[in-house]
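Proteins come first, then strands; the chains are lettered A, B, ... in the order of their sequence lines, and each starts at number 1. Please read these numbers as outputs of a predicted model, since none were measured by experiment.
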Amino acid sequence: MQTSGPVVVMQVPEILNVKEVHNFMQELGPLLESNRPRIVLDCSQVCSMESAGVEMLLRCLEEVLKRDGDLKLAALSREAEVILELMRVARVFETFETCEEAVRSFHAIPADAVPQDAPWYANVFNELGVLKQAS
Amino acid sequence: MIAAIIIANYEGQKGETKVCTQEVAPEHWACVDVLGRPVMGRLVDGLKRGGINSVFAFADGKCSPDDSKSGNDPNSISVWRAAGGKLDECRGSYDSVLIADCRTYAEFDVADILAFHRDQGRPVTQAFAADGPVDLWIIDPGRFRERDNIRGALTSGPAAYEQRGYVNRLEGPRDFRQLVSDGLNSRCRLRPCGVEVRPSVWMGENAEIGRGTRIVAPAFIGQQAKIGDDCLITRGTNVECNSQVDFGTAAENSSILSNTYLGIGLDLSHSIVDGKYLWNLRHDVTLEITDPAVMRPNAVSTKSRKWSEFENDAVGLSA
């Protein structure tokens with residue numbers, strides 16, 4: 001059963017001040033309220049980000065996590081990267097070089113979904129082969 | 001009698017006289033406090049110790065101590081032309097004139113370069129470091145006749161003095177950080193202005209450190225600087241005078257220039273902060289942070305503070 005919609009990529013505005021945050025949230029808000037929202041924010045154009053912008057990113061992350069979704073940042077400009085590091089939030093977000101990589105990461109099978117130990121019967125057929133050869 | 005002319009030329013800033021104010025990013029790193037005193041002031045100190053009788057300084061058409069020659073119209077007069085006027089005045093009164101463009105921080109022995117100049121018997125001597133010429137000359141004002149293109153004349157066929165001391169070209173923020181690091185680690189003669197409260201940790205007068213704050217050597221906290229509670233100042237960080245680092249902020253391998261406020265809970269690394277400007281050396285990016293909660297110029301008025309401080313030194317020397 002499909003429990004979530006497609007991955008949505010959104011372009012973050014060049015300047016993230018209080019006014020721009022308000023405008024951006026009007027677009028982003030409805031997406032956050034969907035079931036298991038999967039959002040990629042393209043930060044390639046960001047050249048200035050005030051604390052209101054950082055706060056918005058954290059609020060969005062909190063909202064999507066509450067709904068069992070995820071929010072990832074892609075193509076961070078150097079400016080955005082420096083500001084997120086400065087404000088100690090860089091490590092909170094999963095970041096990707098490009099939007100494509102970020103989108104693909106939503107479809108990748110998580111490593112812990114793959115069994116790490118081989119089941120007890122994994123070598124049975126090999127052993128049978130050895131027995132055949134011996135006989 | 002020996003005189004010195006110091007040039008502080010702001011290339012690309014024609015017609016402007018912005019001298020280290022907080023309104024603009026520092027165009028001239030020599031005017032910025034480094035471990036408690038600007039390179040320009042340190043140059044004056046060095047000349048004073050080296051027995052120079054008078055120091056005249058020019059910055060964008062401004063002259064100290066006697067600015068009657070240069071006037072105050074930077075649109076009509078360049079610093080080099082103003083320096084030429086001063087050279088004219090020096091003829092007859094001084095045996096030699098040392099000219100230094102303080103864009104470069106260079107450590108030299110005044111007596112040694114003067115002795116070399118006398119031995120060579122040429123009208124101009126220029127210092128040369130391993131990586132090329134240094135903007136430091138000795139001239140005989142009586143034999144040096146060029147007035148219109150002084151800089152060109154200084155560089156054509158001078159006697160070459162081998163500059164063996166430390167040289168930093170101060171061409172940008174990276175060089176500035178290197179100078180701070182070299183000063184804190186005793187790799188050059190530039191010493192922090194303050195008391196060494198414990199090995200390689202210096203504090204200026206009236207510097208305040210909050211509770212729970214950790215200062216890891218080498219580090220410098222300038223006079224009147226305030227470090228809030230639970231901060232971390234580490235690995236070659238200098239907090240210059242009148243700056244404030246607020247609660248819980250960490251600064252690593254960074255410079256917080258004079259009169260700068262750095263907000264709460266930040267993580268500053270490999271950077272230089274000056275008022276609202278931030279240079280990040282790791283990402284090689286310059287930012288203007290408009291959010292005053294994050295960083296801003298401190299309330300203290302700083303217009304031309306460093307320059308006037310330097311002027312006082314020059315006046316003192318000339319008297």
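Ranking Gly263(B), Gly265(B), Ala293(B) against chain A, the residue ahead of the rest is Gly265(B), based on heavy-atom pairs under 4.5 Å. Put simply, of Asp284(B), Thr249(B), Leu278(B), Thr286(B), the one with the most heavy-atom pairs under 4.5 Å next to chain A is Asp284(B).
Applying the side-chain hydrogen bond (donor to acceptor under 3.5 Å, both in side chains) criterion to Ser243(B), with sequence neighbours excluded, gives no partner residue.
Of the possible polar contacts, one joining the Arg42(B) side chain to the Arg37(B) backbone as a donor-acceptor pair under 3.5 Å is found.
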Identify all side-chain donor-acceptor contacts of residues 47-57 of chain A below 3.5 Å with residues at least two apart in sequence or on another chain.
from: Glu50(A); atom 1: OE2; to: Thr290(B); atom 2: OG1; distance (Å): 3.1
from: Ser51(A); atom 1: OG; to: Asp291(B); atom 2: OD2; distance (Å): 2.3

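Between Trp202(B) and Phe220(B), the gap from one ring centroid to the other reaches at least 6.0 Å.
Both the backbone and the side chain of Leu266(B) come within contact range of chain A, judged by heavy atoms closer than 4.5 Å.
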